[in-house]
Amino acid sequence: MNELLLTDDERAHAGARLTAVLDSYERGLAEADILPAPDRAKLGGLLAPMPEKGIGLDALFDSWEDVILPGSTAVAHPRFLAYVLGPPNGIAPYAEALAAAINQNCNFWQLSPAASVVERSVLEWLASVVGFPSGAKGILTGGGSLATLQALATALHDRVPDFHRTGLQRDHAPLVVYTSVEAHRSVDKAAAILGIGLDNVRHVETDDRHRMDVGALRRAVEQDRRDGLRPWCVVATCGTVSTGSVDPLDAVADLCSEEGLWLHVDGAYGALFLLSESMRELMGGCARADSITLDPHKLLYAPLEAGCLLVRDGAKLRDAYAFDSSYLTVAEDPLMTDYMDYGPQLSRNFKAFKVWSAVQAFGVDAFRKANERTLELARYLAEGIEAIDGLTLLAPVTLTAVCFSVDGVEDHTALLEELAAENVALLGPVVVGGKHGIRACITNHRTTVEDIDLVLDRLWR
Ligand SMILES: Cc1ncc(COP(=O)(O)O)c(C=O)c1O
């Protein structure tokens with residue numbers, strides 16, 4: 001026993017207190033304030049000097065209950081309907097606890113044999129959901145933004161000869177990446193970080209359903225070729241962050257193959273709706289991408305962080321990230337994967353465990369049903385909004401984002417604040433086609449018809 005360990009008795013006590021905290025948190029959620037009114041004095045107290053002598057278990061658990069929980073946003077509240085951010089699934093805290101205890105380093109398989117196979121199992125399952133071929137490979141990431149960054153780095157490596165050696169420091173015409181005006185800012189961020197330059201990101205116009213206009217995309221590519229630039233990559237979106245629109249993936253894929261462009265699909269928000277066969281017509285084109293971003297911390301309700309990058313030709317992902325090193329001696333094994341060769345990190349935590357555990361515990365169908373329920377609730381909310389005089393839907397409802405405005409109101413901030421203050425719901429602001437409004441995003445497996453009715457009743461007033 002040393003100073004950083006718990007005795008047998010302390011472990012039993014910590015377990016009991018943790019169970020009690022989790023239990024009372026769960027029981028209190030439906031009545032909790034969605035947005036905490038932060039106790040500034042208590043939060044300020046967190047900045048006190050670190051104790052030279054530890055405060056002990058009970059004082060620590062007390063501080064969790066007195067300061068941390070009351071100062072935390074109730075993301076799991078059934079009417080937390082802002083952003084694409086859902087409540088964790090029920091097994092999450094337990095899987096996270098065990099992952100912390102075994103602390104596997106998911107870099108090369110000798111340090112994490114079971115974890116290596118679990119991650120592979122999650123990735124192969126996700127690749128099959130997307131419809132990728134068996135040669136696809138991937139990696140779990142810190143989120144959708146990182147998955148897209150890692151995808152574009154892979155695309156650079158694939159399309160720029162000798163990229164690892166010379167980088168972009170050669171005297172060549174600029175590479176150009178195309179996305180839509182509705183794309184998530186993580187695309188711009190990735191282009192900026194990778195040295196593509198924001199001037200070389202084309203934000204293509206969208207149609208009346210906020211989907212990338214493929215005619216405009218074609219014209220932009222042709223114009224750039226005429227101007228001597230190098231069209232390189234298209235990032236299409238499967239579920240845009242504001243309205244949930246899905247770009248015409250097949251038409252974009254056709255154009256990419258004609259023009260020899262890498263196609264990345266940002267499916268962080270929407271692509272996992274592919275768990276339902278009924279979504280294949282709308283988003284089946286994801287299967288034609290060179291790479292795709294998924295976000296298990298959204299539609300699989302994994303606790304943060306769990307994003308995912310899948311690359312159709314897995315060898316391209318490995319080529320982009322595998323580096324030899326004398327101090328990491330790795331034995332090849334057909335069952336195992338060394339994930340340090342599939343992404344930028346060396347030390348990596350066991351993200352796959354929480355995803356795998358939840359799918360094992362609840363089954364794929366439970367996630368499918370939860371996601372279908374959120375789609376139905378979004379349609380129900382949209383119908384309710386259409387039925388209320390003075391409210392206008394700002395965009396068609398494709399997935400679970402419902403955007404609307406109050407007629408005659410330019411700035412909806414006050415109404416958003418009132419709804420939050422009354423604990424009716426946390427909704428978010430949105431701008432659609434230049435019009436300001438409110439967005440409800442039902443990425444929440446806990447939301448019920450009664451919750452939506454409560455929001456509609458309040459909006460009715
Ligand atoms: C379409 C889209 N892409 C990317 C992201 C970024 O994902 P993350 O927050 O996991 O980095 C989001 C987040 O909501 C999103 O909706």
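Counting starts at 1 for both ligands and their atoms, following the listed order. The analysis underlying the following values was restricted to heavy atoms, covering all of them including side chains, and did not include hydrogens, waters or symmetry mates.
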Visitor: How about Tyr178 and His203: are their ring centres within less than 6.0 Å of each other?
Guide: no
Visitor: Are a donor atom and an acceptor atom from the side chains of Glu450 and Thr448 found within less than 3.5 Å of each other?
Guide: yes
Visitor: Which protein N or O atoms sit under 3.5 Å from any N or O of ligand 1? Give atom names and distances.
Guide:
unit_1: ligand 1; atom_1: 3 (N); unit_2: Asp266; atom_2: OD1; d: 3.2
unit_1: ligand 1; atom_1: 3 (N); unit_2: Asp266; atom_2: OD2; d: 2.6
unit_1: ligand 1; atom_1: 7 (O); unit_2: Asp295; atom_2: OD2; d: 3.4
unit_1: ligand 1; atom_1: 7 (O); unit_2: Lys298; atom_2: NZ; d: 3.1
unit_1: ligand 1; atom_1: 10 (O); unit_2: Gly144; atom_2: N; d: 2.7
unit_1: ligand 1; atom_1: 10 (O); unit_2: Asp295; atom_2: OD2; d: 2.7
unit_1: ligand 1; atom_1: 10 (O); unit_2: His297; atom_2: NE2; d: 2.8
unit_1: ligand 1; atom_1: 10 (O); unit_2: Lys298; atom_2: NZ; d: 3.2
unit_1: ligand 1; atom_1: 11 (O); unit_2: Gly144; atom_2: N; d: 3.3
unit_1: ligand 1; atom_1: 11 (O); unit_2: Ser145; atom_2: N; d: 2.8
unit_1: ligand 1; atom_1: 11 (O); unit_2: Ser145; atom_2: OG; d: 2.6

Visitor: Does the side chain of Val234 come within less than 4.5 Å of Val177's, by heavy atoms?
Guide: no
Visitor: Could you pull out all residues at least two apart from Phe132 that satisfy ring-ring contact (aromatic ring centres under 6.0 Å, His included)?
Guide: none
Visitor: What I'd like to find out is whether the side chain of Ser116 reaches to under 4.5 Å of the side chain of Gln104, using heavy atoms alone.
Guide: no
Visitor: When you compare the side chain of Leu149 with that of Leu309, does any pair of heavy atoms fall below 4.5 Å?
Guide: no
